[in-house]
Amino acid sequence: MGRIYLDNNATTPVRPEVAEALAGMLKGCYGNPSTLYCIGQEAHVEMEHARDVMAGILGCNREEVIFTSGGTESDNIAVLGVARANRKKGNHIITTKIEHHAVLNPCKALEKEGFSVTYLPVDKYGMVDPADVERSITSGTVLISIMHANNEVGTIQPIAEIGKMARAHKITFHTDAVQSFGKLSVNVNELGVDLLSASSHKIYGPKGVGLLYVRKGTKILPIMFGGHQERSLRPGTENVPGVVGFGKAAELMAAEGPAEEARLLKLRERLWEGIKANVPHVKLNGHPTMRLAGTLNVIFEYVEGESIILSLDEHGICAASGSACTSDALEPSHVLAAMGVPPEKSHGALRMSFGRENTEQDVDKVLEALPKVVEKLRSFSPIYKDFLKQQQTA
Amino acid sequence: MGRIYLDNNATTPVRPEVAEALAGMLKGCYGNPSTLYCIGQEAHVEMEHARDVMAGILGCNREEVIFTSGGTESDNIAVLGVARANRKKGNHIITTKIEHHAVLNPCKALEKEGFSVTYLPVDKYGMVDPADVERSITSGTVLISIMHANNEVGTIQPIAEIGKMARAHKITFHTDAVQSFGKLSVNVNELGVDLLSASSHKIYGPKGVGLLYVRKGTKILPIMFGGHQERSLRPGTENVPGVVGFGKAAELMAAEGPAEEARLLKLRERLWEGIKANVPHVKLNGHPTMRLAGTLNVIFEYVEGESIILSLDEHGICAASGSACTSDALEPSHVLAAMGVPPEKSHGALRMSFGRENTEQDVDKVLEALPKVVEKLRSFSPIYKDFLKQQQTA
Amino acid sequence: MAYSEKVMDHFRNPRNVGEMKDPDGVGKVGNPVCGDIMELYIKVKDDTIVDAKFQTLGCGAAIATSSMVTEMVKGQKLEDALKISNSMVAEALGGLPSQKMHCSVLAEEALQSAISDYRNKKGIK
Amino acid sequence: MAYSEKVMDHFRNPRNVGEMKDPDGVGKVGNPVCGDIMELYIKVKDDTIVDAKFQTLGCGAAIATSSMVTEMVKGQKLEDALKISNSMVAEALGGLPSQKMHCSVLAEEALQSAISDYRNKKGIK
Ligand SMILES: Cc1ncc(COP(=O)(O)O)c(C=O)c1O
Ligand SMILES: Cc1ncc(COP(=O)(O)O)c(C=O)c1O
């Protein structure tokens with residue numbers, strides 16, 4: 001059935017070339033890369049090829065690329081690992097209010113370990129002010145962690161500017177690039193970062209694999225302990241097929257370059273223009289220009305996000321309300337809250353995120369369904385009724 | 001080419017049924033299981049089916065099964081998580097000298113956090129004495145972690161007996177069942193364990209996925225922080241295809257039952273008898289009977305393990321010297337050392353571990369190559385020369 | 001989290017949705033900050049709820065429980081209607097995910113509140 | 001960790017392996033506890049190493065470096081042989097994994113020790 005998948009910021013379908021590379025690894029190259037015999041060495045070679053691909057994209061050395069089990073683990077190693085390794089130097093961390101929980105929650109855990117954390121505000125577009133970062137730096141600051149692009153609203157942060165600042169103050173700087181890796185340029189020297197997280201399943205690679213770039217010389221401790229794999233920073237038998245799939249996915253993203261981003265941008269704008277024209281009382285979340293090409297986050301006033309999602313699902317359309325990992329939770333989005341969106345509005349937020357399988361036809365189909373869905377839900381809505389009455393009396 | 005893979009304790013080839021299940025998930029069911037729309041719910045259902053399979057094998061509730069990124073992570077969550085959660089209750093941990101590094105190294109990390117760890121000895125067969133466990137218990141003991149079956153020599157520990165003891169003393173009990181899951185019975189109530197680790201790639205499942213059984217009510221903290229997945233004990237977008245593959249692999253192991261183990265035992269004994277008959281100066285490591293059916297660990301005196309592995313590789317035979325993850329390291333095996341094997345002997349240890357693809361013909365081919373290989377290497381060996389001279393003069 | 005087929009049916013085709021002209025009792029619960037608002041209207045004749053309607057802003061469960069509760073009360077004596085608990089509503093829907101049980105509480109509260117409103121208007125205590 | 005083709009060649013087909021009858025100098029290094037033992041034998045004529053042989057217990061790198069060093073010294077003046085460093089041996093083998101460099105050190109030491117032994121026997125200081 002013709003499903004329209006508009007939740008590519010949550011996860012992406014594995015692309016056929018990647019699935020093929022993966023299947024090949026499952027069949028032939030099953031050795032343990034730490035072993036001596038040829039089948040292990042073959043696995044090793046395949047894995048190191050993937051590492052080279054990543055090093056090329058990041059503009060770093062192969063030894064600086066650590067493969068992990070995903071974005072969450074990369075973020076945790078970065079945040080917990082750098083903080084704990086530098087405890088003697090200081091106990092202050094700077095991050096933002098709009099980070100993914102994979103950064104926020106390790107920060108909260110560190111508060112229990114005696115660290116103090118500054119959660120920087122953002123403006124109404126979800127943008128961090130580098131001047132705020134500079135003002136927050138103390139002599140005890142050991143880590144700055146600021147995401148490259150936000151997963152809910154897509155706003156792209158001024159990482160390079162903050163990177164210069166971090167370098168000037170000799171403070172370790174991490175960026176969560178889970179949403180930007182493979183889409184924006186993530187050259188670690190241009191960004192001026194010491195650590196960078198990425199995740200395979202956001203770029204049409206397999207789930208369960210990610211990477212952490214760790215600049216040579218960065219003081220960092222592991223969060224788990226075991227064998228010598230991944231320079232002991234990430235022990236455990238390597239997920240070789242996963243890594244190879246991730247490598248293939250990254251290679252393909254790099255090859256496509258900005259053309260695909262331009263295509264997504266066109267789709268996104270077509271959808272947004274259509275929504276504005278056909279649905280009253282809508283509001284765009286996120287920066288108008290400094291934003292991921294594929295991300296469209298819209299508030300539909302007087303309705304609630306989940307009910308839109310469920311209704312769209314009946315039209316074969318998959319979208320999200322908050323960030324996927326919290327859609328089991330009930331709190332309104334912490335990102336929208338930080339942007340100053342009041343909770344009664346943020347409940348009506350819908351995130352539509354585009355990917356390589358989406359077409360103009362998809363957009364047009366969404367534009368057919370969405371206005372009807374919103375209209376129907378508003379017809380149930382007591383506050384919409386109140387609003388209409390107010391209008392009549394006014 | 002006819003490779004003979006005898007390193008199934010290090011990792012196993014993904015079996016075709018599992019590869020197929022995995023490929024199916026990659027193609028169709030790519031949703032994020034935390035999302036509401038149908039494609040996410042489908043992924044959710046597939047994952048929960050795998051959880052049910054595991055709960056069936058473990059004899060526990062589905063909510064007690066946490067999927068992780070592998071055996072190392074499961075061990076780390078168990079050891080670090082229980083110790084840190086019970087810090088106020090006590091700071092003493094009991095484990096053994098023959099654990100995998102995925103248990104030993106978290107224990108060492110905990111020593112730096114102020115815990116005191118008792119590393120129990122083993123007898124010459126690699127067996128822990130339950131009386132030693134009991135003697136080591138103090139009022140401050142918060143965790144006992146003892147592996148079910150050892151990865152290097154295959155010795156199976158008296159877990160059920162220790163489990164009774166742990167229960168009587170109300171001490172949380174973890175077993176690393178990475179080598180036994182799917183092979184021996186791992187009913188958590190019969191074993192009397194509160195936590196149990198397993199890993200997919202040891203039972204013909206994909207790499208990068210494992211599980212941790214956590215008995216309801218067990219006090220435990222996560223080692224990483226992020227979304228709400230896996231009851232917040234293991235956050236991060238779930239590796240759905242990996243979990244489904246693992247589930248399929250476990251299901252198939254359970255269906256085969258003890259028949260396959262009996263087959264492996266026959267192969268192993270055929271090989272050992274052949275080695276004894278054709279190679280002088282060999283010694284078996286591990287328990288004569290309480291041992292994994294597929295594990296054969298033999299010392300070839302007067303030669304060094306790596307040189308045997310490289311030579312066997314030329315005959316298309318893959319074997320291991322120590323545990324795979326330390327084969328990059330140079331220290332002699334800590335397991336053999338704990339069993340009282342002097343380092344000059346343990347350097348000559350070779351581990352041959354059988355799996356479902358092995359046949360009698362494989363054994364016979366190994367028996368053709370191995371004596372020649374050992375003889376050639378001994379012909380280079382200065383200590384073998386000295387030994388022979390001694391014999392002549394004697 | 002997954003909804004039962006029954007929840008989805010009531011979400012898709014809510015029964016008794018819409019405003020009621022001249023209701024005898026109105027219950028308004030929830031608030032926009034939490035994202036759920038329910039308005040329940042009843043018509044009462046001879047101590048019996050002869051009609052019920054609702055308007056709801058909220059998630060799938062909020063809409064489905066509103067729909068279900070209006071179905072359950074129609075034809076009920078007031079005293080019997082007051083015995084309808086949130087878990088009865090949830091059960092009638094084939095169960096609710098645990099984190100959505102609060103929606104059924106809202107439905108119960110809306111009903112209680114509508115009946116109070118009716119009784120207050122009539123001067124009944 | 002992977003060995004170069006050259007290492008594997010010298011491991012598979014070690015040159016000059018075996019005991020030497022009446023060597024002029026013998027170098028014994030390593031110990032069984034570490035798992036590597038090397039014995040290097042040389043025959044010397046007119047201050048030149050005219051033959052070299054070895055026996056080694058050890059890993060692939062230990063055997064390959066032994067083989068390589070015997071090849072390198074044959075025909076060398078003693079004073080030139082003494083200049084052969086461990087990294088020259090490793091380089092001649094197309095490099096060694098970092099954790100195996102100690103094997104090339106053993107090879108260098110075995111050579112030095114064999115030459116010392118020869119000189120001691122001859123009473124040369
Ligand atoms: C910005 C950001 N950081 C971290 C993560 C976590 O990555 P993963 O789901 O691979 O653990 C995600 C996605 O869920 C994300 O969008
Ligand atoms: C007994 C034991 N525990 C733990 C592990 C670690 O498992 P994984 O490699 O899946 O991280 C292994 C295997 O490497 C093992 O044999």
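Below, chains carry the letters A, B, ... as their sequence lines are ordered, and counting in each starts from 1.
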| B/E73 portion near chain A, given a 4.5 angstrom heavy-atom threshold | both
| At a heavy-atom separation under 4.5 Å, does A/L22 approach chain B through its side chain, its backbone, both, or neither? | side chain
| query | For the atom pair CG (A/N32) and SG (B/C318), what is the distance rounded to the nearest 0.5 Å? | reply | 11.5 Å
| message | Counting only heavy atoms from other residues, nucleotides and ligands, does the tally under 6.0 Å from CD of A/E20 exceed 12? | response | no
| task | Could you tell me which portion of B/P235 (side chain, backbone, both or neither) has an atom closer than 4.5 angstrom to a non-hydrogen atom of chain A? | result | both
| field | Max heavy-atom pair count under 4.5 Å with chain B, selected residue of A/S199, A/P222, A/G210, A/A319 | value | A/A319
| What part of B/A23 gets closer than 4.5 Å to chain A, counting heavy atoms only: side chain, backbone, both or neither? | neither
| remark: Bottom line for B/L80: the part with an atom under 4.5 Å from chain A's heavy atoms is side chain
| request: Mind checking the OG1-CE spacing from B/T68 to A/M224? Nearest 0.5 Å is all I need. | output: 8.0 Å
| said: Can you tell me which portion of B/N105 sits under 4.5 Å from chain A's heavy atoms? Options are side chain, backbone, both or neither. | reply: both
| query | With a cut-off of 6.0 Å (strictly less than), are more than 12 heavy atoms of other residues, nucleotides or ligands near CZ of B/R87? | reply | yes
| Nearest heavy-atom pair of A/H101 and B/G227: which atoms, and what distance? | CB-N, 4.3 Å
